[in-house]
There are 2 protein chains.
Amino acid sequence: MIVYPGGIKKNHPKKTTSFKNRGQNLEYEINLTNQYYRDIKKAVVYKKPVPIQIVKVDYPSRQAAVIKEAYYQTPSTTDYNGVYQGYALDFEAKETSSKTSFALRNIHPHQIEHLKAVLAQGAIAFVIIRFTAYEETYYVTAEDMIKLYSGKRRSIPYSWFQKSSYLIPYNYVIPVDYLKVIDEINKGD
Amino acid sequence: MIVYPGGIKKNHPKKTTSFKNRGQNLEYEINLTNQYYRDIKKAVVYKKPVPIQIVKVDYPSRQAAVIKEAYYQTPSTTDYNGVYQGYALDFEAKETSSKTSFALRNIHPHQIEHLKAVLAQGAIAFVIIRFTAYEETYYVTAEDMIKLYSGKRRSIPYSWFQKSSYLIPYNYVIPVDYLKVIDEINKGD
C-alpha cells in the first residue's frame, strides 16, 4: 500500500530550475497512477509483465525455483490494459528525448494491429507519449495513431501533439492522470 | 498463424478408451481458443505473462541480453483478460485432478480481491475450472466464486459444478468455448 501523498513526495524536483530532474520515468509514474486509481476504486489497470522465454530453471529446494537462463521476448500487445466504468482500456506508453518529433519506429507494427483489434471490439485504446525534454505527456487516440502510422511519415512532429492531441494533467498524487482526458473526450461527445 | 482445423488435429485422443489422454492442458487449450477468437475477430483476449523478478542480466553483445538470475513472482491479478463486444473480460483458469471437489486454496485471496474490483468496474469476470478426471470444464461466475470463497467451506463439491455452474462446450477447433457460455448467460437476461 502506498501512502498518499507522502510516498510520492520523493518525486518532487530537487532543482527548482528544471522539471527535467523530476527523476522518475513514465512507466514508474503510470504505475503510481494506476495504483492510485485502484486504491480509490476508480479503475483497475495494470501493466502486463514483460514476456520472458525461460530456458533453464534450477530447483535448489522444493520451495525455490531459480531461473538460470531466460530471454526477453517482444510483446505482441500493448503494455497496459484494464477496465474503467464498464469500458475495456488498452494502451501503450512511450517516451522520447527528442525535442522536435516522435519517431514512429518506437511503435511496433503488431502493436498497431493490436490497437485496431481492440478498437474493433469497443475498447478505449490510446497511446501515451512523453516528451521528456518538455516534461509533457500526451494522450493520442488509437484512431489517430493508426492513421499516422499508416501514412508515409516516419515521425510525428512535436507541433502535431500540441495541436491535435491531449496534454495529460500532472500532479504529485496522480502523475499521469489519463482518465481525466478520457472523461473530457467522452463529455464532449 | 494456426491453420484450422488441421493444426489442432494433433489434440485428437490416441487412445479411444479415454478422454483423459487428450494430452493438452487447460492453459494450452485456452490459448488455442483465444487465438481462434482473435483470428475470426470475435474477441481479443490474452494470457498475461508470468511476472518474473529479474536479478541479473548479462549482455554478451549489443543485441542480446541473457537473464542469468530471476525468480517467479506471485501474480496479483487473474491470468487472462481482454475485450469482447465492448465488455472487458477478466478470468482465472484452474484444473484439478480431484474427482470429488475443487479445493479453494487454488485461488489466492488477492485474485478474489481482483475479481471484486473488476466486477465493480463492470467487467465480465469468471473462473474456468477443469476436472481433468472427467474432462469437463466449467464456467463459474465471479459472483458465485466470491460468495463460495467468502463462506466457511474449503472446497466446492463436484456436484455443485454440475448443478450450479455452466459446462463449457468443447470441440477441436475451439477447445474451451467460454464465449458461448457468456452469450447464453446474456441471452437469458
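Labels below follow one simple rule: chain letters A, B, ... track the order of the sequence lines, proteins then strands, and each chain is numbered from 1. Scope of the values below: all heavy atoms of this structure, side chains included, with no hydrogens, waters or symmetry mates.
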Note: vs chain B, highest number of non-hydrogen pairs under 4.5 angstrom among A:Q73, A:H114, A:R38 is A:H114
Checking B:Y84 against chain A: side chain, backbone, both or neither under 4.5 Å from a heavy atom? both
If two hydrophobic side chains count as joined below 4.5 Å and joins carry through other members, does A:I107 share a cluster with A:L119? yes
Just do the side-chain contact (heavy atoms from CB on, under 4.5 Å) check on B:Y72 and A:V57 with the steps written out, would you? CA-CA 10 Å; B:Y72 293 103; A:V57 183; 3.8 Å; yes
Are B:V44 and B:Y36 connected in the hydrophobic side-chain network, where two residues link if heavy atoms are under 4.5 Å apart? no
For B:Y87, is the OH atom crowded, meaning more than 12 foreign heavy atoms sit under 6.0 Å from it? no
Bottom line for B:I54: the part with an atom under 4.5 Å from chain A's heavy atoms is side chain
ILVMFWY cluster, A:V173 and A:L179 together (side-chain gap under 4.5 Å): yes
Write down the atom of B:Y71, the atom of A:A65, and the distance for their closest heavy-atom approach. CD2-O, 3.5 Å
Give the member of A:I67, A:I124, A:D90 that has the highest number of heavy-atom pairs under 4.5 Å with chain B. A:I67
Relative to chain A, which segment of B:K56 carries a heavy atom at a distance below 4.5 Å: side chain, backbone, both, or neither? neither
Where does B:A120 contact chain A at under 4.5 Å (heavy atoms): side chain, backbone, both or neither? neither
Within a strict 4.5 Å, meaning less than it, do heavy atoms of the B:Q85 and A:Q121 side chains meet? yes
Select, from B:G122, B:P75, B:S76, B:A88, the one with the greatest count of heavy-atom pairs under 4.5 Å involving chain A. B:A88
Please output the residues of residues 139-151 of chain A in contact with chain B, using a heavy-atom cutoff of under 4.5 Å, in numerical order. none
Most contact-rich option vs chain A, by heavy-atom pairs under 4.5 angstrom, among B:V50, B:N81, B:L89, is B:N81
Return the minimal non-hydrogen interatomic distance between B:P49 and A:K48, and the atom names on each side. CD-CB, 4.5 Å
B:K41, part contacting chain A, at a heavy-atom distance under 4.5 Å: backbone
Does B:I52 share a hydrophobic cluster with B:Y80, counting links as ILVMFWY side-chain heavy atoms below 4.5 Å and allowing steps through other members? no
Shared hydrophobic cluster for A:I128 and A:Y37 (ILVMFWY, side-chain gaps under 4.5 Å): yes
